[in-house]
Amino acid sequence: MTQVQTTRPMTERLEWPHAEVRLSGPASIIEADGLICIARGTPEFPTETTLAAEAPVAAAWLALFRQHGADAPTKVHGRFGLAIIDTRARSVFLAADRFGTAPWCFTRRGERLIVADRADLAADTHSALSPSAVYSYLFHHMIPSPTTIFDDVKRLEGGHRLQWNGAQPSIDAWWRPVFTEPRSLDFADAKAQFMGIIENAVRRGSATGKVGSFLSGGTDSSTVAGMLCKILGEPAETYSMGFDASGYDEMEYARTASQHFGTKHHEYYVTPEDLLDGIPKVARHYDQPFGNSSAVPAWLCASLAKRDGIDTLLAGDGGDELFGGNTRYAKQQVFGWYDRVPAPLRSGVLEPLLSQPISKRLPVFRKAASYVDQAKVPLPHRIHQYNLLVRLGANQVFTPDYLSHIDLNGPAQAHEAAWQRIQASSDLNRQLAFDWKFTLEDNDLPKILGTTELANIGVGFPLLDDALIDFSLNLPLDYKLRGFQLRWFFKEALRDFLPEAIIKKKKHGFGLPFGVWACQHAGLRNLAGDTLSQLKQRRIIQPAFIDRLINELLPEHPGYYGELVWILMMMELWLSGKPNRNDE
């Protein structure tokens, strides 16, 4: 198995006989009567707990913890990571906010619990790479918590807390979303509440320093940018990335939003040369392999804002997942109709008929058979039927020896466990909550958090304000998906705020034409080829498959297989950034 000696950033280490905390980033720390409180993030405390303005955040946490113990996180809003070290009881308490935006990683070393704000800080020379985590990375393009790339290091999930007193850590959820799904709601009242929550969230996010906004031209980022202009009373600084490649550029919509709100807009067109510089930096900044291909454009965008003197960028993440904006929600509703067909008709007539060889040759029956085949797969597993790794086959990608150490059912088991703990009556809200975990917490938020950290700039997420999350939990289903109209309420409530072109546009985001450019640009082609050649030496991926991927699959379908080249390349660059590797 591969073992890695991690390269650690400048680290502060706090040590006690029973525990150690390793920090690479800023934290508020206070000690009183044998309790050490370590607080990270930007928590929002109840009024009665707030201390003097000059008091450290840790002091407010400590006061809450003394009063409420393990329930202290339930009294706080916003983004936070909390650690309480009790030197008298020799115990440790950890808590992460609803989406784990200030994460804690942990592992046991003998009689001590090691806690860190990065997975590679918690790891040491004995921490082997987990083959199942590598498989999960290729499956998801990231590694969902509580797993990390290291077999002995875990990450505390969002909305969870850990208590440890020398035995096995006890972990449970202090917060889980509960959907009420009312039948109806007064639209005017809901709209007023919705707009007020967003305005207040943006106001809090813009309270200190010079603040700007990401602006992709979608409804979410346009809403945040427009509200920022309203609050500032002057043109807000907005930032967009473009790509000079057919089908990948949406700068037109960013310009439409900027002109509508009168922002001071900054555009930058990403080049292949930018990727050559940015890919290794971004890959090696993360505490484990991270394969979201829009991370490099996000870093470039944040770096541009930093050079302009911006202290904090507001991001629009969350609108799709809170209010039903992803196209797969409508698609899964179509498949859900099959469940309403009486079981005798399904099993006694439709499925036997559509399984006949002649049905596979007739176009109409072939489509019907495909529909039934997909509809028979229950959620959430149906969502991943077309996963690239599954379609290629793990036995075609991994070496036989490495494959023998992988639990191929790992992703499905994690998906099922997450699905079963969701408290909702409808498949739609279950899908939303599922995406809060696997899309937001494990993918989109780490993308923005990691790249803004690399650019040394702050970030805020107004559309993930706790009040807006709670508001979304109490919306009728047809306010989220009305027929096939995605996030009906969100768009209707903003119809007199956003330009019509933004309301009607299809979601795109900062897509990256890496596969296309890797086939056209010599520098990127060489970077991909050289990096994947190094990966061959690790005996993780079959060398013959890597050759086929680079020489055959990528040139034939650059947009499709470029994503696989990217995630393999980012993994190897992360691994090669760690010295003293032992690949035996």
Side-chain angles (χ1 to χ4, degrees), residues 99 177 179-199 201-202 214-227 250 253 256-257 260 314-336 379 383 422 424-441 443-445 461-509:
F99 288 98
F179 295 85
T180 61
E181 304 181 5
R183 290 183 177 273
S184 62
L185 204 64
D186 183 86
F187 176 82
D189 289 346
K191 175 182 175 180
Q193 185 181 359
F194 170 75
M195 296 299 288
I197 292 172
I198 294 177
E199 183 171 347
V202 173
F214 288 103
L215 182 57
S216 70
T219 52
D220 294 335
S221 65
S222 298
T223 299
V224 172
M227 197 63 75
E250 63 171 357
Y253 292 101
T256 296
H260 180 78
L314 301 183
D317 298 80
D320 283 329
E321 291 76 20
L322 265 62
F323 294 96
N326 288 319
T327 55
R328 62 179 171 273
Y329 303 147
K331 180 180 179 181
Q332 295 305 324
Q333 179 174 262
V334 173
F335 288 121
L379 287 170
I383 299 170
I422 295 170
S425 300
S426 68
D427 281 347
L428 174 59
N429 278 333
R430 289 191 189 97
Q431 289 178 77
L432 298 183
F434 187 83
D435 280 349
W436 293 6
K437 159 64 178 161
F438 291 99
T439 300
L440 285 175
E441 178 182 338
N443 197 338
D444 289 349
L445 296 184
F461 303 99
L463 298 188
L464 288 175
D465 185 84
D466 286 359
L468 195 60
I469 294 170
D470 294 340
F471 174 83
S472 76
L473 291 170
N474 297 292
L475 286 177
L477 286 178
D478 69 346
Y479 269 42
K480 298 174 180 178
L481 182 62
R482 179 161 291 192
F484 291 107
Q485 187 176 350
L486 299 169
R487 56 175 178 183
W488 176 84
F489 170 79
F490 188 97
K491 292 182 177 180
E492 288 300 313
L494 290 163
R495 190 167 292 281
D496 56 359
F497 184 74
L498 295 175
E500 187 67 17
I502 301 297
I503 292 285
K504 292 181 176 180
K505 81 174 287 291
K506 295 181 179 180
K507 182 175 173 60
H508 189 282

CG on L215 to CG on L314, rounded to 0.5 Å: 12.0 Å
Atom pair CG/OG1 of D320 and T219 - distance to nearest 0.5 Å: 6.5 Å
Indicate yes or no: at least one non-hydrogen side-chain atom of [X] is less than 4.5 angstrom from one of [Y].
| X | Y | value |
| --- | --- | --- |
| K480 | Y329 | no |
| D496 | K191 | yes |
| Q485 | E492 | yes |
| F489 | F194 | yes |
| F179 | S425 | no |
| K504 | K491 | no |
| L464 | L445 | yes |
| D317 | D220 | no |

Shortest non-hydrogen contact from [X] toward [Y]:
| X | Y | value |
| --- | --- | --- |
| A190 | F471 | O-CZ, 3.5 Å |
| G316 | L463 | O-CD1, 3.4 Å |
| A257 | P499 | CA-CG, 4.5 Å |
| L498 | T223 | CD1-OG1, 3.6 Å |
| N474 | P182 | O-CG, 3.2 Å |
| S221 | S216 | OG-N, 3.0 Å |

Does [X] use its side chain to pair, donor to acceptor, with the backbone of [Y] at less than 3.5 Å?
| X | Y | value |
| --- | --- | --- |
| W488 | D478 | no |
| Y479 | L185 | yes |
| N326 | R328 | no |
| H260 | E500 | no |
| E250 | G217 | no |

Give a yes-or-no answer on whether the side chains of T439 and D444 include a donor-acceptor pair shorter than 3.5 Å. no
Are E181 and N429 close enough that a side-chain donor and a side-chain acceptor fall under 3.5 Å? yes
Please report the C-alpha distance between F99 and I469 in whole Å, then the side-chain angles of each, then the deciding distance to 0.1 Å, and finally whether the side-chain contact (heavy atoms from CB on, under 4.5 Å) criterion is met. CA-CA 11 Å; F99 288 98; I469 294 170; 3.3 Å; yes
Determine, step by step, whether W436 and L322 satisfy the side-chain contact (heavy atoms from CB on, under 4.5 Å) criterion, reporting the C-alpha distance in whole Å, the side-chain angles of both residues, the deciding distance to 0.1 Å, and the verdict. CA-CA 8 Å; W436 293 6; L322 265 62; 3.8 Å; yes
